[in-house]
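Reviewing the structure listed below.
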Amino acid sequence: MKKSTFINQLKKKLIELKITDIDEILVEYESHFDYKLGDGYSEEEVCIKLGDPLDLAKQYMDGNEIEKANRKLVTIIGLIFIDIIVVQFFILFFAFVIVLLAFSLSAAAIGFSLFTSINPFGLIPYLPYWCGAVMGISMVSLAVLSIILTYYCNLYLKQIIKKYIRFHKNSINSSVNKPMLPSLPSSPQLSKKHSRRVRFIFQLSLNAFAISFVLGYGICALTAKSFEFWHVFEWFV
Amino acid sequence: MKTQNRKGLIELCTLALLHKEDYYGYDLSIIISKLINIADGTIYPVLRKMKNEGLLKTYLTEGKGGPPRKYYSLTELGKDEYIKEKQSWKSLVNNINELMED
């Protein structure tokens, strides 16, 4: 007998006997074949040693089958209710990532315009060039800072979605006594080198932002000879 | 020995092996079929029955490449069962050996 004949006969009989989780049973025999064939046995030899597939199928009959199917149904209904809430949370989180991204892009754009004195549609109120340039540096650092935040939040979102999917599968599997995979960590798994680099850029841009913002404010205040330099530059007139 | 007698032995051997360490199904089938001369395939229905009875649990490990491996281990119930079965097996063997003394 060939492997395929053995598996097919077993499968047919199991279906006939209304056994649940036939796939899981078949996987067990298939991996048995894989190991044996890997050791150099022929398919015929493995079949003879395994025994008669029809006999084996009959040995799977027991009273638990219907109860198992019910438990699976209840679990799935429960999961659907959890999904309704959790998916909303994921969408909200995703929207947050988009907002962060938009924030970083606009910060970068403001920084760029301040640097080059390009003032699209006169949107940027009057600033003497050097005040603007220093503020421009702080805006660019802010952009870098928030891009890193965006990047990390995005990774985090991906990881918790993965974790949730794993939880989903494991819940269904455990309801029918199937084996589970280990659950995943909730923080993104970056390599040491990678996370060190990200942290370094984060700290660098944070410092650059803080220093240049304070410096920019100082220069503005000195130029205007007032702490509320925006009144002197007539921003709101 | 009759096949019927061997069914119980499969269960006992499984409990004894898993009491020491966790195995995957293939290993159990090879070790036990050598010990008590049964068809390799017979072990799998027994493993499933024992799992449904709560004596065993299974877990997967993610191997590098290839499908995840399914390991079997004893539950607390399985450990208790093993201790009970071990006692009764030992006295059974003693009694039968005595009976067979000439």
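It should be emphasised that the depicted structure is a prediction, and the values quoted were computed from it without experimental measurement. Each chain gets a letter, A, B and so on, in the order the sequences are listed, and its residues count up from 1. Atom set for the values below is all heavy atoms of this structure, side chains included, hydrogens, waters and symmetry mates excluded.
No side-chain heavy atom of Q59(A) sits less than 4.5 Å from a side-chain heavy atom of K49(B). Side-chain contact between R48(B) and I19(A) is present, with heavy atoms from C-beta onward closer than 4.5 Å.
The backbone N or O of G41(B) lies less than 3.5 Å from a partner atom in the side chain of Y29(A), making a donor-acceptor pair.
Environment of CZ in F103(A): sparse, with no more than 12 heavy atoms of neighbouring residues, nucleotides or ligands closer than 6.0 Å. In the displayed structure, K72(A) atom NZ is contacted under 6.0 Å by at most 12 heavy atoms of other residues, nucleotides or ligands. Summarising the local packing, CZ of F90(A) is surrounded by more than 12 heavy atoms from other residues, nucleotides or ligands at distances under 6.0 Å. Other residues, nucleotides and ligands place more than 12 heavy atoms under 6.0 Å from the OH atom of Y24(B). When the shell of 6.0 Å around OH of Y35(A) is examined, it contains more than 12 heavy atoms from other residues, nucleotides or ligands. Atom NZ of K163(A) has more than 12 neighbouring heavy atoms from other residues, nucleotides or ligands inside a 6.0 Å radius.
Note on ring orientation: taking the six-membered ring where Trp is involved, the planes of H32(A) and Y44(B) are perpendicular (angle over 60°, cut-offs 30° and 60°).
For I43(B), no part lies near chain A; criterion is any non-hydrogen pair under 4.5 Å. Heavy atoms closer than 4.5 Å to chain A are found in the side chain of Y72(B), but not in its backbone. Only the side chain of K70(B) has a heavy atom closer than 4.5 Å to any heavy atom of chain A.
Between chain A and the options S29(B), S33(B), P45(B), A39(B), the largest number of non-hydrogen pairs under 4.5 Å is found for P45(B). Residue with the most contacts toward chain B among L181(A), D52(A), I48(A): L181(A) (heavy-atom pairs, distance under 4.5 Å).
Between L60(B) atom CG and N173(A) atom CG the span is 8.0 Å, to the nearest 0.5 Å. Rounding to the nearest 0.5 angstrom, the gap separating the CG atom in L56(A) from the CG atom in D40(B) is 10.0 Å.
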